[in-house]
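So the structure is just underneath, and the comments pick up after that.
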Amino acid sequence: MTLKYLIQKEFIQIRRNAFLPRLIVMFPIMIMCVMPWVMSMEVKNIKVAVVDNDRSTLSQQLVHSIEASNYFVFKGQVPTYRSALQQMEKSQVDVVMVIPQDYSKDVALGHQPQVLIAANAVNGTKGAMGGNYLTQIVTQHVNPDIASMQSRISTLFLYNKHLNFKLFMIPALFAIVMMLMTGFLPALNIVGEKEAGTIEQINVTPASKWSFILAKLIPYWIIALFVITVCLLLAWAVYGITSAGPLALIYLLSMLLALFWSSLGLVISNYSDTMQQAIFVMWFFVVMMLLLSGLFTPTRSMPSWAYATTYVNPMSYFIEAIRTVFIRGGGISSIWHQLLALLGIGSVMAVWAVLSYKKNS
Amino acid sequence: MKQFRSFVIKEAKHILRDKRTMLILFGMPLALMLIFGFAISTDVKNVRTVIVTSSMDHLTQQAVDRLAASEYFIITQVAATPREAERLIRGQKADMAIVFGPDFASKRSGVQFIVDGADPNMAQQWTNYATGVITNMDGGPANVKMLYNPQMKSAYNFVPAIMGMLLMLVCAMMTSISIVREKEKGTMEVLLVSPVKPIMIIIAKAIPYLVLAFAILLIILLMARFVLGVPLAGSLGWILVISVIYILVALSLGLFISNIANTQLVALLLSAMVLLLPIVMLSGMLFPVESMPTILQWISAIVPPRYYIEAMRKLMIMGVGIHEVAREVIILVGMLVVLMTLALAKFNKRLE
Amino acid sequence: MNAIEVNNVSKSYGSVKALDDVSFTVGKGEVFGLIGPDGAGKTSMYRILCTLLLPESGTATVDGFDTVRQMNEIRRRVGYMPGKFSLYQDLTVQENLEFFATLFGTTVEQGYDTIKAIYSQIERFKDRKAGALSGGMKQKLALSCALVHQPSVLFLDEPTTGVDPVSRKELWEMLEALKGRDITIVASTPYLDEVRRCERVAFLDQGKIRGIGTPDEILTRFADIFNPPGIEHSQGGEVSGENVIEVEHLVKAFGSFHAVDDISFTVKRGEIFGFLGANGAGKTTAMHMLTGLNQPTSGTGRVVGYDIRTEHEEIKKHIGYMSQKFSLYEDLTVAENIRLFGGIYGMSDEDITLKTAQLLDRLQFTEHKDALVKSLPLGWKQKLAFSVSIFHEPGVVFLDEPTGGVDPATRRQFWELIYDASSRGITVFVTTHYMDEAEYCDRISIMVDGKIKAMGTPDELKKNYNQPDMDHVFTYLARQATRSSD
């Protein structure tokens, strides 16, 4: 059983490396402890300045309702729109509201006053949300009718009742950690043996392609198993967040993802001549798949051509499935087709990894 | 001078001959610009919505029509009970449900949104938009104006971020690897023993990467302007000057890494882990710095791209004058001086 | 004034003393040999003289300048070719040469005469990438790059490792020409004929100078190290009539270039077959085809009864191979490497354990079995690599320059291992640039320009070509070469 000896060799090499064991242990810990705090795309502390050209009791009422809202950081009243914009250029203010001269008169007469809300939309999400909330406040203030209607709207958030961003991001972090750990290390592996010349010695032995490649893959799967366990434990210990769905499914998904990334890493390694090449090509795939996976932005907001790429993007299947299991508590019936897709793409990659390794040219 | 020139030429050949790396280096900005420009966005669009109502009265029908007409929502189904809607959401067939009370028209009962809250940002936006559509706020008293980015394109936000990331990557990572490679292969010994001054070796190595980075910068700017339609609102001259300062910061960082690392593997991992990750995570490129806990905000204060991206957002998109970004420029120059001094002082003129 | 003065220099890395109180002087225009086994401290000495390392104690001057304080002056005056000098693989031959010429403030034209003897052999491949050259050709290019300028002091750290005998002679003729121009040369080499061409040599061992004197004095004084007695080989005992390797009209072409050009030969079971040839004659390419690493362009071959074209994976089960470049895992220990390769060849755990103990005992390695391979000296690594390649008792073992850069005493031990293997019935197929080793073979072939020019026992060849020894036979045949690469 040559496989046993080859696997032992891989493990010894990983263990002997001065850097890798530390990386394998420290990296998931670092990521899990720091990143959930960073990866909050929560929009808060929107800074508002108000230009009140009406200066009536009614307009001041509106200003107070903004001041009272805990959604905004009220930056005070500014004499002119111009000076407000200057503050915006200095990034001291995100949204400016201009109350027109005849505000109170219009409201009293039942006309629609025109309140200007100008948001800094360089960051689109932030601008939109700021504009939206201010609009609601103004509308409620002007049209008590609408206000009463709004008051009749209630919202029930499922799965993530407190809209906790960390809960949303932690399964995504699993994906990132798994991708980096099981993608980059194999990508450097075979090309490293090429540069060291040891691959030539292996190539004149009867060791089969399958056992050589499998021996390279299996250690990364075991590392993946370790990494996902560390991640789950830390999510529970540090943030008190646990999976809503069955743990077995989380492990199954992670292993399938590791199958894909480690195989892709070896494929790239087989085709590369230098480590630099391998890392750059890998990096390209990592960035592309990550951005198009729906991890940061919803896939359904993509145009159809971009959405089509998610059908071949294992990251996209993984993200969708792990969020379903981890956050929504879904079972195997809700993610079976993601499982199949991951298994399919992963197997194709693994076969490719074996075929692209040439013992004889 | 002739030595210097032949050095630069040799270095340029190393870069040009590695076709795959070149392909990635120039393919990456193109791909990133297209993805951020056209493929991904946080727009509220195609939200799969289930309507739950027991009696489709006139007012309910109007609200549903308005929802269906808006580009934000797709009405996928009409369900009889909230329980059924919840089942659809749980099965990933719908994103939200809008439950109209039986007496919606008579204004005695209300509306309930049942929302898949997995993604908090989107969940909140969906309810905002739905509220707006149902209460028919169009033509209301508020007139919202989106400054600098009227079409709310996410590209506006990301173009400066892409610049910050790619320039750092090309300059810091590639310079450090190319120096470490010579150490590893033993050619550095010969270069050091040659009459060429060590400092010249370093400068000669840096120049092709500077040019490369500048070429990538121009590609990004041209694409941003002509393909994505991002305005270059501020002074182009200053944009280039600040970019060059930033490129130099990145080069110094690369040099610094090459002083510490002795093998390509370590240089690669150092660049990827110690450089790239903080850049992407802490620079405000993807995640706003002000939403981070204070301690991370402090750490992000020493991440150079943070200031570059900030300055570029203000200069390019908002089109402010140079005095509005003076703080960022001063900090970048300060970092450049410190890093350059450190890197050169630490540079080994011998092998130990 | 002496060109180089070294006074009581010491240098250590951690607890290892690389140089221990070393003193010597080299006169201006002298050719000085710095010789000693691998790990003796030669490279550290070169680096100190080139201002790359700082001595811990003691002083050294080069051309009157202190190596610590006057770094820039020295760097302007010296030329240095490090032991593991590698070129820029992605630049062409000419680009490499031009770059180094400019680096040293000269041009290829100005230095052409100096390097002509060696460079002319690779000049016709000047547009080829350095990475595509064969091992020996790379070394020649590296030499050309180091010699293209004319420094006042030249340091050459084992410049001829992997270079064929004819080219080595040409190199030393070049060095002697440089001496005529008052250039001081310090060189190290494992070849005794090269040692004899120095005016004076210092013998360095374990960081200490054991003796300085003329080559003859040193070689006689330390004869047991440099001139171990030859090995007696009882010939013919095991050689049976059966052919283990049969090759007919084998060709390997890269485009229009025929690296191996229609070769035919047979090797019998138990034979030690020497496969000689100049750098770039096609030896390694031929060997890659026989070991199943490469497919032949045309022709047929059988190794241990299997076709090299279709049954290469079968062949791999029955052969051993030791490549030119050391290729055991450096980050594994001695025992772990043995275990790995034993396992790959399908040996059982008990078998491996038992045979490992025997092997370590025979090599007297037992106490180093848990040492990382990268910490071993070169000679030990080579002996280990050989032992690993025959650990599974293959029918044939292929050795590609197994003793390159190894000192004479270790080479002798190495050949004892080869004889030992041969006496157990293992056929040995070996390439070498040491002509004394060629004499140890049962039968040899000499390849020139991709073709086999001569084949027979060493005695037959000497008689046929009417030459006193193999060195002359080789030189006589190799000088007929028309092409010079790959």
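Reminder, nothing fancy here: chain letters follow the sequence lines and each chain counts from 1.
Between B/Phe287 and A/Phe165, the ring centre distance reaches or exceeds 6.0 Å.
Most heavy-atom pairs under 4.5 Å with chain B, from the set A/Gly330, A/Gly127, A/Pro298, A/Gly131: that is A/Pro298. When B/Met318, B/Met96, B/Gln92 are compared by the number of non-hydrogen pairs under 4.5 Å with chain A, B/Gln92 comes out ahead. The candidate from B/Met292, B/Glu86, B/Gln112, B/His323 with the greatest count of non-hydrogen atom pairs under 4.5 Å with chain A is B/Gln112. For chain A, the option among B/Leu25, B/Val320, B/Asp116, B/Ile114 with the highest count of heavy-atom pairs below 4.5 Å is B/Asp116.
Between the side chain of A/Tyr307 and the backbone N or O of B/Ala39, no donor-acceptor pair lies under 3.5 Å.
Within the 4.5 Å cutoff, side-chain heavy atoms of B/Leu169 are placed close to those of A/Trp283. Under the 4.5 Å side-chain criterion, counting only non-hydrogen atoms from C-beta, A/Phe184 is not in contact with B/Leu268.
A salt bridge links A/Lys90 to B/Glu324: at least one charged side-chain nitrogen sits closer than 4.0 Å to a carboxylate oxygen.
The two residues A/Tyr133 and B/Gln124 make their nearest non-hydrogen contact at OH-NE2, 3.5 Å. Contact record, A/Val122 with B/Asn157: O-CB, 3.2 Å, taken as the closest heavy-atom pair. The shortest heavy-atom contact between B/Met122 and A/Ser301 is CE-OG, 4.5 Å.
Applying a 4.5 Å heavy-atom cutoff, the residues of residues 321-329 of chain A that approach chain B are A/Thr324, A/Ile327, A/Arg328.
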I would like to know whether B/Asp18 and A/Asp273 meet side chain to side chain contact (heavy atoms under 4.5 Å, CB included); could you show each step before the answer?
-> CA-CA 10 Å; B/Asp18 189 350; A/Asp273 303 320; over 6 Å; no
